[in-house]
Structure formats: structure tokens, C-alpha cells
Amino acid sequence: MQMTQPNLALKKKETIRLPIQKPFHFRCTLWKPSHFSTDLEQHTATRTWRTFRFGAELFGVRFDKRDDYLLLHIFSKNKLSDESRARLIRRIETAYGLSEDLSEFYKAARTLPALVRPIRALKGMRISCPESIFEIAIISLLLQNTTIQRSTQMTRNVLQRFGRSVSFDGRTLWCFPSPADLAGVPEDILRTECRLGYRAKYLPAFAQFFLANDDDALRELKREEVILTLQSIKGVGPYTAGVIASHALRDPDALALDVWNTKLAGKAFFGRENIKPDHVRKFLQRQVPGHAGLALLYLVESEYLKSPMTTLTRS
DNA sequence: ATCCAGGTTCACA
DNA sequence: TGTGAACATGGA
């Protein structure tokens with residue numbers, strides 16, 4: 001089992017410009033008002049710092065807002081090989097949907113009055129998921145049946161115990177542990193040291209699964225097949241699978257309905273809170289076919305923008 | 001104290 | 001297919 005490692009200093013290696021499809025809402029694409037704080041990333045009004053991991057390779061990236069492109073400063077221990085550079089760029093382009101065209105969604109959403117204001121406020125916002133499937137699965141697991149406060153606390157415990165602390169560009173952030181880092185960890189340690197409660201028994205199985213199933217290989221599979229495969233993992237139900245489908249795999253029609261989203265959607269679309277998740281799903285998939293998940297995303301983020309889960313840092 | 005939180009599993013109709 | 005209890009932990 002891995003012990004806590006000392007902080008790793010990453011050095012600036014490259015500066016890259018990535019093209020973006022406009023309109024592009026920088027702030028609410030790289031930072032989501034509804035996401036809880038993790039110390040995997042940090043944000044100001046016009047910048048984002050974020051860590052990425054590929055196997056044993058760790059990266060820190062600073063994103064700067066520009067009008068016509070995204071400016072990246074890439075930090076790592078070693079010089080980037082062509083392969084690792086390509087992989088990192090591919091991850092970033094996918095994570096933030098840099099080249100996605102949202103015009104079809106905006107057209108389809110005109111049938112929903114409740115979306116007029118959210119779209120006006122957030123035009124150009126994309127789905128964001130810098131996490132790997134393994135990472136987002138764990139984050140979803142830690143959101144299950146508990147308060148955000150405890151999700152935040154459990155995440156911090158896991159990162160402090162098994163993650164890797166890195167410094168770059170004057171920031172110190174955590175890198176997520178790899179499947180290998182968590183695969184051999186006894187359930188008991190996760191209970192007593194990370195305070196994961198009953199979730200402790202699921203996490204080692206997650207790690208085993210993603211140790212055997214590479215992220216890229218999973219993305220090759222057909223969507224329904226991935227979701228079905230993932231749901232066979234104990235601890236992955238409709239919500240977690242929905243998060244993976246809609247965020248990590250960027251299915252614009254997939255929905256992850258938790259009690260909060262469902263309430264919000266109920267109020268916005270039906271004028272009352274006690275609506276069944278399935279009702280919301282069917283309604284949105286009928287109203288904005290092919291874009292149900294995006295519709296929910298715009299509604300939810302515009303609501304959280306009024307009182308974000310995390311505040312932007314000053315500088 | 002007692003309840004229950006941004007789900008999921010398992011048992012039993 | 002559908003419903004309901006149990007699940008760990010910690011804050012209200």
C-alpha cells in the first residue's frame with residue numbers, strides 16, 4: 001500500500017493554444033457552479049488550474065481565457081513526449097467539448113420557456129469532465145446518499161491518503177490516485193482512515209475494474225454497452241452511470257438525476273417539486289430530443305450560479 | 001437523542 | 001417490474 005508521498009514540483013514545459021468553437025463560455029465550462037470543492041482544481045475569473053493523471057504521469061495545467069482560443073501552460077516532471085502531449089490535448093479537448101457545436105441544442109431548446117434565461121446567461125457553456133471515468137465514478141460514489149459536506153470531506157480524505165500532492169505555477173493541488181494506487185487497499189483502511197462508511201466496500205472493486213479496463217478502451221465501446229458494463233460494478237447504479245454517460249462520455253441526451261436536480265427540474269418545468277425522476281427524463285427527452293442532458297445542465301448550472309458550491313479565488 | 005443526506009443493493013411480493 | 005429496509009458517518 002502506498003504511503004503519503006512528498007509534494008512533487010512540476011516544471012513548466014510547454015505553452016499551447018487550443019482552438020475553440022464559439023460561442024465559448026470560458027468560466028462555466030472550466031468551472032461548474034454546482035460542483036463541490038475538491039482541491040483537484042482552482043479557479044479565478046479568467047484562469048483555471050487543474051491536475052491530470054495518465055497512469056504514473058502527472059500534469060498540471062493552467063488555462064487562461066482568451067477571446068478566440070484557450071491558452072494552456074503545461075507543467076510536468078519530464079519533457080513531454082509526442083505521445084503524452086497528444087493524449088493530454090485529446091483529454092482536454094474532450095473534457096471541455098472545445099470543438100462541440102451547440103447550435104442544434106439552442107434551436108431545440110426554444111420549445112422550453114424555462115430555458116430561455118439559463119441559455120442567455122450561460123451561452124457557450126459546455127459539459128465539463130476533466131476526470132477520467134475511474135475518477136468521476138469515485139466522485140459519484142462519494143456523492144451517494146450523503147451531504148455535500150461529507151462528500152467533500154471523504155474526497156479530501158482519499159486524496160490526502162492516496163493522492164499525490166503537486167505544485168505548479170505557485171499552486172499546490174492534488175492529483176487523483178490511480179486505479180493501481182487503490183486496487184490493493186483493504187476496505188478496513190478506507191473505513192477507518194477515510195471514513196467512507198459502507199462505500200468502503202465498493203471502492204476496491206472500482207479500482208480492480210478500471211485496472212482491467214483502460215479508460216480509452218471503454219470509450220471505444222458502444223454507449224449502451226459501456227453503461228451496462230459499468231452498472232455491473234457494485235456501487236454503480238442509474239445515477240452514477242448517468243454521471244458517467246452524460247459527463248465523461250458526453251452523451252448530450254443522458255441525464256443523471258439526483259434528488260436536487262429532480263427538484264429543480266420539477267419546479268422549472270412542472271411548477272412543483274415532487275416529481276419522479278423518470279417523469280423528468282421522459283419529459284426532457286421528448287421536448288429536446290437528443291439534448292435532454294444539456295437542457296438539464298443549463299437549468300441546474302444557471303440555478304447554482306446564483307449561489308455556487310465553490311467560490312472563485314481572488315487571484 | 002433521533003433523523004437523514006445530491007443512491008444502491010438485496011430481499012421479497 | 002415494483003416496493004421497502006439497510007447501509008456508515010456526522011451534522012442539524
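Labels below follow one simple rule: chain letters A, B, ... track the order of the sequence lines, proteins then strands, and each chain is numbered from 1. Nothing here was measured: the structure is a model prediction, and the numbers come from that model.
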Looking at [N], I'd like to know if its phosphate oxygens (OP1 or OP2) sit under 4.0 Å from a side-chain N or O belonging to [X].
{"X": "K201(A)", "N": "dA8(C)", "result": "yes"}
{"X": "K234(A)", "N": "dC10(B)", "result": "yes"}
{"X": "R150(A)", "N": "dA5(B)", "result": "no"}
{"X": "R199(A)", "N": "dA8(C)", "result": "no"}

Side-chain donor-acceptor pair under 3.5 Å between E93(A) and S99(A), yes or no?
no
In terms of side-chain heavy atoms, does S76(A) have a donor or acceptor partner in K13(A) at a distance below 3.5 Å?
no
Shortest non-hydrogen contact between I244(A) and I136(A), atoms and distance
CG1-CG2, 3.9 Å
Using whole Å, what does the distance between atom [atom2] of nucleotide [N] and atom [atom1] of [X] come to?
{"X": "F206(A)", "N": "dT9(B)", "atom1": "CZ", "atom2": "P", "answer": "9 Å"}
{"X": "Q149(A)", "N": "dC4(B)", "atom1": "CD", "atom2": "P", "answer": "18 Å"}
{"X": "E303(A)", "N": "dG6(B)", "atom1": "CD", "atom2": "C1'", "answer": "15 Å"}
{"X": "R195(A)", "N": "dC7(C)", "atom1": "CZ", "atom2": "C1'", "answer": "15 Å"}
{"X": "M309(A)", "N": "dG6(B)", "atom1": "CE", "atom2": "P", "answer": "9 Å"}
{"X": "K276(A)", "N": "dT3(C)", "atom1": "NZ", "atom2": "C1'", "answer": "11 Å"}
{"X": "M154(A)", "N": "dG7(B)", "atom1": "CE", "atom2": "C1'", "answer": "12 Å"}
{"X": "Y198(A)", "N": "dA8(C)", "atom1": "OH", "atom2": "P", "answer": "9 Å"}

Verify the ring-centre separation between F59(A) and F75(A): is it less than 6.0 angstrom?
no
Under 3.5 Å, which donor-acceptor pairs link side chains of residues 308-315 of chain A to any protein atom two or more places apart or in another chain?
| unit_1 | atom_1 | unit_2 | atom_2 | d |
| --- | --- | --- | --- | --- |
| T310(A) | OG1 | W31(A) | NE1 | 2.9 |
| T313(A) | OG1 | H43(A) | O | 2.9 |

Which is true for [X] with a 4.0 Å heavy-atom rule: it touches a base, it touches only sugar-phosphate, or it touches nothing?
{"X": "I148(A)", "value": "base"}
{"X": "L264(A)", "value": "nothing"}
{"X": "T240(A)", "value": "sugar-phosphate"}
{"X": "Y202(A)", "value": "sugar-phosphate"}

Distance between the C1' atoms of dT9(B) and dG10(C), in whole angstroms?
23 Å
Using the C1' atom in both, what is the distance from dG6(B) to dT3(C), to the nearest Å?
22 Å
By nearest atom, which of the nucleotides [options] is closest to the [X] side chain?
{"X": "N145(A)", "options": "dC7(C), dT8(B), dG6(B)", "answer": "dC7(C)"}
{"X": "Y304(A)", "options": "dG6(B), dG10(C), dA8(C)", "answer": "dG6(B)"}
{"X": "Q153(A)", "options": "dT9(B), dC7(C), dG10(C)", "answer": "dG10(C)"}

Taking the nucleotide of DNA chain B with the nearest heavy atom to each, does D258(A) or Q231(A) sit closer to the 5' end?
D258(A)
I'd like to know if K267(A) pairs up with E273(A) as an ion pair, taking the criterion as any Lys NZ or Arg NE/NH1/NH2 lying under 4.0 Å from an Asp or Glu carboxylate oxygen.
yes
